[in-house]
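Input: a single structure, listed below in structure tokens.
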Amino acid sequence: MPARAGLDTNAVVRAAAEMADADGLHPLSLARLAERLGVRVPSLYNHVQGLPGLRRALALYGIGALHDALASAAIGRSGDEAVFALAAAYRNFVKAHPGLYEAMTRTPPGQDAEVAAASAAPVEVVQAVLAGYGLQGDDAVHAVRGLRSLVHGFVTLEVSGGFGMPLDVDESFRRLLRTYVAGLRPAPATPPPLPGQSAGRSISR
């Protein structure tokens, strides 16, 4: 197969992402990627540092794509509408890019400074939306973790065929999100006691 002219790192990573999404991350190899691109395996080392480097590049590429999807979903929205839009964008991303998403989850940010810096961008989008609920500091971090865990767990089960009952999966997702956003709001304050009534006790006649 003739070598592809003008091959660059972006083209290598995009081709690898397409293969991972179509066939899964595990079968992806430098040999298969080189065959797809019409080059010899050593040529790929001009763009990625072996298979580990390719998977790292896929993680960075996926994080950037997820950030773009979340940022686009949040534009012009606030409150519950924005949270629902973010969750839907996240879910749709994973369903459309299962191999790319797997590469992202297999590259923990804590072990790579560049991946950690890239991972901060989508988190900031979510934090900006959740700020509308008055969440700051630790409360905001807990809320971000909760939303990510909610969507990740749901869509991971979904793409693996974990929801076998003949019931609308979209409705299950909506109900789950409604419960989540209800928990973001502060509990209503306890009303003051009525005149002549002490707190915690009622007057019986």
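Residue numbers start at 1 and run along the sequence shown. Please read all numbers here as calculations on a predicted model, not as lab measurements.
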For [X] and [Y], which heavy atoms make the closest approach, and how far apart are they?
{"X": "L54", "Y": "L28", "value": "CD2-CD2, 3.9 Å"}
{"X": "Y61", "Y": "A17", "value": "CE2-CB, 3.9 Å"}
{"X": "R55", "Y": "A103", "value": "O-CB, 4.1 Å"}
{"X": "A73", "Y": "A89", "value": "CB-CB, 3.7 Å"}
{"X": "A59", "Y": "M104", "value": "O-CG, 3.7 Å"}
{"X": "A87", "Y": "L147", "value": "CB-CD1, 4.5 Å"}

Can you confirm whether [X] sits close enough to [Y] that some side-chain heavy atom of one is under 4.5 Å from a side-chain heavy atom of the other?
{"X": "L177", "Y": "R174", "result": "no"}
{"X": "L25", "Y": "L58", "result": "yes"}
{"X": "Q49", "Y": "R56", "result": "no"}

message: Check this for me, if you would: do R175 and E171 make a salt bridge, where the nitrogen-to-carboxylate-oxygen distance has to be below 4.0 angstrom?
response: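 Salt bridge present between R175 and E171.
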
message: Between D170 and R91, does any side-chain N to carboxylate O distance fall below 4.0 Å?
response: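 Salt bridge present between D170 and R91.
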
Report, one line per pair, each donor and acceptor closer than 3.5 Å where one atom sits in a side chain of residues 118-136; sequence neighbours left out.
{"from": "S119", "atom 1": "OG", "to": "V115", "atom 2": "O", "distance (Å)": "2.8"}
{"from": "Y133", "atom 1": "OH", "to": "G79", "atom 2": "O", "distance (Å)": "3.3"}
{"from": "Y133", "atom 1": "OH", "to": "D80", "atom 2": "N", "distance (Å)": "2.9"}
{"from": "Y133", "atom 1": "OH", "to": "D80", "atom 2": "OD1", "distance (Å)": "2.5"}

Separation of [Y] [atom2] from [X] [atom1] (nearest 0.5 Å):
{"X": "L37", "Y": "E35", "atom1": "CG", "atom2": "CD", "answer": "10.5 Å"}
{"X": "Y90", "Y": "F154", "atom1": "OH", "atom2": "CZ", "answer": "14.0 Å"}
{"X": "H142", "Y": "L184", "atom1": "NE2", "atom2": "CG", "answer": "13.0 Å"}
{"X": "T9", "Y": "R14", "atom1": "OG1", "atom2": "CZ", "answer": "10.5 Å"}
{"X": "E102", "Y": "T105", "atom1": "CD", "atom2": "OG1", "answer": "6.0 Å"}
{"X": "H47", "Y": "L7", "atom1": "NE2", "atom2": "CG", "answer": "4.5 Å"}

Is there a donor-acceptor pair closer than 3.5 Å between any side-chain N or O of [X] and the backbone N or O of [Y]?
{"X": "D21", "Y": "L100", "result": "yes"}
{"X": "R32", "Y": "P27", "result": "yes"}
{"X": "S160", "Y": "T156", "result": "yes"}

field: Same cluster (ILVMFWY, side-chain, under 4.5 Å), V141 and L150
entry: no

Y180-V169 co-clustered via ILVMFWY side chain contacts under 4.5 Å: yes

task: Take atom CZ of R145 as the centre, draw a 6.0 Å sphere, and report whether it contains more than 12 heavy atoms from other residues, nucleotides or ligands.
output: no

- request: Answer yes or no: are there more than 12 heavy-atom neighbours, outside R178 itself, under 6.0 Å from its atom CZ?
  value: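 Atom CZ in R178 is crowded, with more than 12 foreign heavy atoms closer than 6.0 Å.
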
task: Name all residues meeting the side chain to side chain contact (heavy atoms under 4.5 Å, CB included) criterion together with A65; count only those two or more places apart in sequence or in a different chain, and write none if there are none.
output: F93

message: Working note: Y101 + H152, criterion side-chain hydrogen bond (donor to acceptor under 3.5 Å, both in side chains); need CA distance, chi angles, decisive distance, verdict.
response: CA-CA 10 Å; Y101 186 68; H152 171 82; 2.7 Å; yes

